[in-house]
Amino acid sequence: MSVDFKDYYAVLGVARDASDDDIKKAFRKLARRYHPDVAKDKKTAEEKFKEINEANEVLGDPEKRRKYDELGSNWQSGGSMPPPGARRRGGAGPNGVPDYDVHFGGTGFSDFFEQFFGGGRRSADINDLFRNARPGSRSAAESDYARPGADIEGDILVTLDEIMHGSVRPISLRRVDPNTGQTETETFKVRIPPGAQEGRRIRVPGKGGPGHGGGEAGNLYLRVRISAHPDFSLRGADLYHDLELAPWEAVLGAQVVVPTLSGTIKLRIPPGRQNGHQLRVRGQGVPGGHGSERGDLHVVVSVQLPREVTLEERALWEQLGRVATFKPRSH
């Protein structure tokens, strides 16, 4: 079964030779525009926001971007291509029972991403014990024992809001028999607990591959992937926000408005803040794992310089340069 190619550069509106900084800026601009919390058409915005996040997930990671660029040449003369080997499998092929291609819905990732960049796969199950049996033979163990179904793994894109409050997501699982083309789709709900962290596996019992000979069905494991946010990055339970300041604000101090996950707050910036200086706001992060207290918000100072100045501004900067006692290279 083929998958449709995703042009991630077109999604972000950047050239194929765009710098990492260009990609970061394009993502932030689009993410702020289509964030479901601010968009009027929330349903359309939510789908667009997921697409933007997926593009950023690939192009914002050097290794994934390299792999994507290598794959791109295969699509120059067509719109789709067969996937390079099954990555999400269920069932038990070695003993006459067909494997099933598995496709997820509602996880926040497209089939294209799952196929090439996701971590979905069929876990080893008891059928692997019979892979080395002689052709045409059936072992006593294979004949006499029920065989459990394979476990299936996939990724699920989780937003910071879901990490804050938890959520219940409808997930669909479509199994396709590659030999007959027959499909079987099942929809169920998955609970995402507050404080879910990157890499955590959410277990959905009985939603894996079917068992054989009376064996139980396998399990589905969804690995949490944190959705990128235009204003915050996440480290553990702590949030980090880059606060852009004008040079005079960094020197003189200022009172600014900064975002949090529950609204905005006013924050006083003391005079003389250096680039990279952090101010901590306690309790404005996300819940820690297993219901622990919220982390903190770290506001990171980023002093911005004007790229262009007017003649009047230039004169003032020159005057400042003549009277300033600050000598950065005097030590």
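- Classification of K25 and D21 as a salt-bridged pair holds, one side-chain N sitting under 4.0 Å from a carboxylate O.
- Relative orientation of the Y68 and F112 rings is perpendicular, given thresholds of 30° and 60° on the angle between their planes.
- Using a 4.5 Å heavy-atom threshold, the side chains of R169 and E162 count as touching.
- Salt bridge absent: E70 and K67 never bring a charged side-chain N and a carboxylate O closer than 4.0 Å.
- For F116 and F5, the ring centers are positioned 6.0 Å apart or more.
- A cation-pi contact, defined as under 6.0 Å to the ring centre and within 45° of the axis, is absent between K64 and F117.
- K6 has no carboxylate O lying under 4.0 Å from a charged side-chain N of E54, or vice versa, which leaves the two without a salt bridge.
- One hydrophobic cluster holds both I265 and V301 under the rule that ILVMFWY side chains link at heavy-atom gaps under 4.5 Å.
- Under the salt bridge (Lys or Arg N to Asp or Glu O under 4.0 Å) criterion, the residue pairs touching residues 274-284 are R280-D296, with sequence neighbours excluded.
- Side-chain contact between L234 and Q197 is absent, with no heavy atoms from C-beta onward closer than 4.5 Å.
- V158 has its side chain out of reach of S167: every pair of non-hydrogen atoms, C-beta onward, lies at least 4.5 Å apart.
- Judged by distance alone, the side chains of D69 and Y9 do bring a donor and an acceptor atom under 3.5 Å apart.
- Evaluation of the side chain to side chain donor-acceptor pair (under 3.5 Å) rule for E318 yields R314 as partners, not counting sequence neighbours.
- E153 CD to L222 CG: the interatomic distance, rounded to the nearest 0.5 Å, is 9.5 Å.
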